[in-house]
Amino acid sequence: MERETKCIQAGYTPKNGDPRMIPIIQSTTFKYDTSEDMGKLFDLEAEGYFYSRLQNPTTDMVAAKIAALEGGTAAMLTSSGQAANFFSVFNIATAGDHVVASSTIYGGTFNLFNVTMRKMGIEFTFVDPDCSDEELEAAFRPNTKAVFGETIANPALIVFDIERFAVAAHAHGVPLIVDNTFATPINCRPFEWGADIVTHSTTKYMDGHDATVGGCIVDSGNFDWMAHKDKFPGLTTPDDSYHGITYAEKFGKGGAFITKATAQLMRDFGAVQAPMNAFMLNLGLESLAVRMQRHCENAMQVAKFLQESDKVAWVNYPGLPGNKYYERAKKYMPDGTCGVISFGVKGGRKAAEEFMKHLQLAIIATHVADAHTCILHPASSTHRQLTDEELLAGGVSADLVRLSVGIENVNDIIADLKQALEY
Ligand SMILES: *Cc1c(COP(=O)(O)O)cnc(C)c1O
């Protein structure tokens with residue numbers, strides 16, 4: 001099946017007389033005839049459901065659709081993108097371990113790694129995604145367990161060189177984890193370029209309608225844990241907290257990572273996605289391919305308009321010819337990148353504030369990547385306590401506006417920006 005077809009068909013095939021839609025199994029628990037039947041589930045000897053904190057049929061069907069879209073072997077939904085990124089790393093790195101991460105990742109993920117996971121005893125080295133080979137090589141340590149990056153960094157819009165980082169990770173016997181939220185599997189499949197694990201904030205384009213917060217982890221099934229037995233004891237030696245199971249032996253390359261994340265991390269942390277939310281996420285997934293195409297077409301036209309406007313100092317959109325990441329974006333995302341653009345309003349902080357005041361269609365929101373055009377001026381909202389100099393040091397200039405182009409008629413979006421710029 002092609003991507004467009006998978007959006008509609010993958011994850012659930014109704015049998016004779018079954019509901020056409022993925023059913024919402026709104027049940028915490030599942031009934032069994034005998035204790036032995038249930039015991040087999042607990043021992044991971046048989047497949048089935050017993051308690052929705054671990055697994056639920058609705059969430060599993062939606063996860064299977066995302067796995068199919070990414071070309072992976074197994075997937076799990078989580079309550080949010082933050083939970084997905086946390087689990088993806090914590091599943092293989094623990095106190096005393098080390099992770100190499102791109103320095104331009106989403107602020108929430110950066111904080112999770114740099115503050116919260118450091119408190120748990122995991123060390124992180126952040127590298128510029130465009131660093132030299134020597135710098136990248138120097139970031140690895142004997143206790144490094146993973147490399148982490150974002151396909152298109154939110155909000156810096158830097159395109160990650162997936163292939164290069166995958167080669168470096170594999171040379172050190174560790175997997176590459178890629179947060180593919182902004183590109184979605186419609187525009188980029190990181191597994192095709194050597195990534196081993198993909199994560200998503202499904203809150204963004206996948207849901208696409210500002211309706212549900214959620215996350216997802218997908219395993220490519222390509223990473224050979226047993227070949228690096230000493231590095232990943234959590235997968236390659238018996239789990240005493242789970243009946244002595246050795247995940248990599250029992251579930252192989254294709255199933256070990258997600259089974260362990262479910263059996264251990266979901267069991268203990270409970271960051272589960274509700275069946276009702278998974279149902280809504282699935283509605284978003286069904287139209288993901290057509291929406292992404294429209295987001296990219298609209299964003300390209302808006303980027304061109306902004307580039308030609310004499311009220312705009314600069315435009316950053318990786319799909320725009322001349323952008324620093326244009327060639328790399330063409331390689332990894334030949335069909336388009338995403339709908340998010342950043343640009344500078346001529347006149348700095350004050351002019352940007354004035355521009356924001358006069359917008360009518362574009363809504364001011366911290367959110368990005370959904371059907372509605374939304375916009376944020378960090379210097380006067382999320383980052384308002386910082387001076388112009390402090391902002392620059394953090395990579396956000398005082399004139400920077402982040403615009404998430406929606407799927408409205410592009411003429412209306414451009415007309416709104418134009419009148420607010422000219423005010
Ligand atoms: C939003 C976002 C997250 C966090 O996801 P939540 O669903 O908000 O928890 C992680 N990574 C990226 C790239 C994001 O844009």
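FYI, side chains are in, hydrogens and waters are out, and symmetry mates aren't considered; it's all heavy atoms of this structure. The first residue of the sequence shown is numbered 1, and numbering continues consecutively from there. Counting convention: from 1, in listed order, for ligands and their atoms alike. None of the values given here were measured: they were computed from a predicted structure.
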Under 3.5 Å, N/O to N/O: give me all the pairs between ligand 1 and the protein, one per line with atom names and distance.
from: ligand 1; atom 1: 5 (O); to: Ser201; atom 2: OG; distance (Å): 3.0
from: ligand 1; atom 1: 7 (O); to: Gly81; atom 2: N; distance (Å): 2.9
from: ligand 1; atom 1: 7 (O); to: Ser201; atom 2: OG; distance (Å): 2.8
from: ligand 1; atom 1: 7 (O); to: Thr203; atom 2: OG1; distance (Å): 2.6
from: ligand 1; atom 1: 9 (O); to: Gly81; atom 2: N; distance (Å): 3.1
from: ligand 1; atom 1: 9 (O); to: Gln82; atom 2: N; distance (Å): 2.9
from: ligand 1; atom 1: 11 (N); to: Asp179; atom 2: OD2; distance (Å): 2.7
from: ligand 1; atom 1: 15 (O); to: Asn154; atom 2: ND2; distance (Å): 2.9
from: ligand 1; atom 1: 15 (O); to: Lys204; atom 2: NZ; distance (Å): 2.6

(request) If the plane angle is over 60° it's perpendicular, under 30° parallel, otherwise tilted; pick one for Phe110 and Phe126. (result) tilted

(request) Please state whether the rings of Phe87 and Phe269 are parallel, tilted or perpendicular, taking 30° and 60° as the class boundaries. (result) tilted

(request) Apply salt bridge (Lys or Arg N to Asp or Glu O under 4.0 Å) to the pair Glu353 and Lys350, showing each step before the final yes or no. (result) CA-CA 5 Å; Glu353 274 172 20; Lys350 211 84 218 90; 3.8 Å; yes

(request) Report the relative orientation of the aromatic rings in Phe182 and Tyr205; use parallel for angles under 30°, tilted for 30 to 60°, perpendicular for over 60°. (result) perpendicular

(message) A quick test of your reading: do over 12 heavy atoms of other residues, nucleotides or ligands sit less than 6.0 Å from NZ of Lys304?
(response) no

(message) Determine whether the aromatic ring centres of residues Phe124 and Phe148 are separated by less than 6.0 angstrom.
(response) no

